[in-house]
Amino acid sequence: MKIQIPRGTQDILPGTVERWQYVEKKARDICSRFNYQEIRTPIFESTELFQRGVGETTDVVQKEMYTFKDRGDRSLTLRPEGTAAAVRSFVENKLFGQPQQPTKLYYIGPMFRYERPQSGRMRQFVQFGIEALGSHDPAIDAEVIALAMSFYKEVGLKRLKLVINSLGDTESRTAHRQALMNHFSSRVNEFCSDCQSRLEKNPLRILDCKKDRNHELMASAPAIIDYLNEESKQYFKKVQAYLQAMDIDFVVDPNLVRGLDYYNHTAFEIMSDADGFGAITTLSGGGRYNGLVQELDGPETPGIGFALSIERLLMALDAENVELPIEQGLDCYLVSLGDGAKDRLTPLLYQLRANGIKADKDYLNKKLKAQFKTADRLQAKYVAVLGDEELEKGIISVKEMATGEQQEVSLTEIVDFLKRKI
Ligand code: HAM
């Protein structure tokens with residue numbers, strides 16, 4: 001059988017990879033402006049990290065992890081998300097002890113979830129995420145949301161919808177949990193087996209069950225927002241006030257619960273409402289996770305962050321017909337006519353490149369006309385033609401492709417000439 005790419009993964013080929021490079025560069029730019037620094041953690045981690053960090057009752061941990069034993073019989077998992085790993089590293093490297101707090105981190109890298117592949121849902125996808133660890137200030141919740149929104153706007157998206165909610169502090173969550181148990185317990189046998197086991201362990205997870213989403217008890221389920229205590233309400237109000245002060249539009253959705261267990265207080269998602277975007281409209285999600293650092297054996301430290309996938313971002317850009325300003329083409333293509341000239345091109349090309357000029361030449365012994373064709377295809381701004389005759393005179397003939405203008409330049413000056421032009 002022919003070997004093929006695994007389901008839910010993709011090759012990103014030249015011609016497309018430039019779009020990835022463009023948005024990744026934009027991500028790095030914005031992180032640097034917001035003062036977030038890059039962290040790189042391993043692709044695989046101890047399975048226990050995600051069991052404890054993301055939560056035993058989540059779909060991600062129960063159904064979607066790529067878990068395997070290595071040759072030393074350790075259980076390892078390809079990371080399904082970046083937050084648990086960032087927090088593990090924050091604890092392990094004692095970043096909490098550094099003088100500058102909060103610790104503001106970002107990452108861009110592949111994540112792995114065994115999900116049913118469809119447009120916008122991959123088994124390997126690339127997340128850009130940020131995590132701010134060490135501050136209880138609602139202003140940093142607003143900062144994280146602002147970074148996400150600014151990033152989307154700066155790459156050119158317009159049809160964005162920001163949805164926020166509060167999951168409250170421990171006291172509010174406990175009250176809500178009890179209300180959910182009361183709500184579902186008498187009729188839990190009408191729900192899937194996962195939901196039945198969630199009732200005791202984590203009734204909040206019932207609310208994002210994909211199988212039972214249309215059950216009548218779902219719509220009437222108690223919303224966390226009605227169980228927020230005064231402190232949680234104030235916190236949420238403050239976050240909203242900061243967003244308003246930055247002119248960031250949002251809607252409050254009391255049903256937004258998020259699929260991972262570590263959240264409390266602020267939770268948010270950003271959707272695309274572009275026509276033709278498809279079934280999956282969530283572009284990114286995030287929220288506050290004040291208990292996670294402690295859960296992963298670190299000192300009590302609050303945190304908040306978000307992540308988005310580049311795959312969904314590129315889909316949204318397509319849906320909105322956004323053309324990315326990707327620079328294409330060579331500065332100069334070198335063409336030769338005759339053997340002596342051909343040999344002279346190799347050191348000349350080397351010299352151009354050493355001087356920052358994007359340049360190339362033919363390696364297939366093509367005829368003059370075919371070399372020009374290649375130059376065209378590579379969108380060369382200049383084509384420099386060296387014949388044996390020119391070589392003798394120490395000159396090269398340079399044509400500017402946009403204007404058709406042609407001139408002879410001394411071989412000793414060609415580098416400076418092109419540098420000036422480009
Ligand atoms: P999440 O909502 O599981 O949150 O994922 C965040 C984003 O990753 C989604 O909104 C989506 O853009 C993308 N994503 C998730 N699964 C897939 C998939 N199968 N294919 C393509 N894209 C996908 C988290 O992962 C949290 N760690 C976010 C966070 C950071 N919360 C706090 N800090």
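Model, not experiment: these values are computed from the prediction. Residue numbers run from 1 in the order of the sequence given. Order of appearance sets the numbers: ligands from 1, and atoms from 1 within every ligand.
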- prompt: Are any of the N or O atoms of S309 closer than 3.5 Å to those of ligand 1?
  reply: yes
Note: R121, heavy atoms under 4.0 Å from ligand 1, region reported as both
D331 and G356 have their tightest heavy-atom pair at OD2-O, 4.2 Å
A student checking ligand 1 against G120 at a 4.0 Å heavy-atom cut-off should list atoms 20 (N), 21 (C), 22 (N)
When distances are taken from atom 20 (N) of ligand 1, the protein heavy atom at minimum range is M122 N, 2.9 Å
For S284, the atoms of ligand 1 under 4.0 Å from one of its heavy atoms are 10 (O)
Of R88, R74, R79, the one forming a salt bridge (charged side-chain N to carboxylate O under 4.0 Å, His left out) with E45 is R88
If you scan protein heavy atoms around atom 11 (C) of ligand 1, the nearest is R312 NH1, 3.5 Å
**OP:** If the plane angle is over 60° it's perpendicular, under 30° parallel, otherwise tilted; pick one for F44 and F68.
**Re:** perpendicular
Does at least one non-hydrogen atom of R258 fall below 4.0 angstrom from an atom of ligand 1?
yes
From the list K26, R33, K25, salt bridge (charged side-chain N to carboxylate O under 4.0 Å, His left out) with D29 holds only for K25
The closest protein heavy-atom partner of atom 30 (C) of ligand 1 is T83 OG1, 3.0 Å
heavy-atom search around atom 19 (N) of ligand 1 in the protein gives E115 OE2, 2.7 Å
### Task
Just say parallel, tilted or perpendicular for the rings of H176 and Y227, cut-offs at 30° and 60°.
tilted
Note to self: Distance alone, cut at 3.5 Å: any donor-acceptor contact between the side chains of S89 and T41?
What the structure shows: no
Contacts of T16 meeting side chain to side chain contact (heavy atoms under 4.5 Å, CB included) (sequence neighbours excluded), chain-then-number -> I12, W20
If you scan protein heavy atoms around atom 14 (N) of ligand 1, the nearest is F125 CE1, 3.5 Å
E131 heavy atoms within 4.0 Å reach ligand 1 at atoms 30 (C), 32 (C), 33 (N)
Atom 27 (N) of ligand 1 sits nearest the protein heavy atom E81 OE1, 2.6 Å
A student checking ligand 1 against F306 at a 4.0 Å heavy-atom cut-off should list atoms 29 (C), 30 (C), 32 (C), 33 (N)
Could you tell me whether some N/O pair between R113 and ligand 1 is separated by less than 3.5 angstrom? yes
Closest to atom 12 (O) of ligand 1 among protein heavy atoms sits L283 O, 2.7 Å
Ligand 1 to Y263, heavy atom cutoff 4.0 Å, flagged ligand atoms 26 (C), 28 (C), 29 (C), 31 (N), 32 (C)
Heavy-atom proximity to atom 6 (C) of ligand 1, picking from P80, A316, A307, A267, points to A307
Check: Do the ring planes of F128 and F151 sit parallel (below 30°), tilted (30 to 60°) or perpendicular (above 60°)?
Finding: perpendicular
Check your understanding: Are Y262 and Y289 near enough that their ring centres are under 6.0 Å apart?
Key -> yes
For the residue pair K361 and Y363, would you count it as a cation-pi contact if the rule is NZ or CZ under 6.0 angstrom from the ring centre and within 45 degrees of the ring axis? yes
The atoms of ligand 1 lying under 4.0 Å from a heavy atom of G286, numbered in the order shown, are 31 (N)
**OP:** Consider only side-chain N and O atoms of R187 and N189, and report whether a donor and an acceptor are under 3.5 Å apart.
**Re:** no
Any heavy atom of Y262 under 4.0 Å from ligand 1? The part involved is side chain
re atom 5 (O) of ligand 1, the protein heavy-atom contact at minimum distance is Q127 NE2, 3.4 Å
**Item:** K161, NZ: over 12 other non-hydrogen atoms inside 6.0 angstrom
**Value:** no
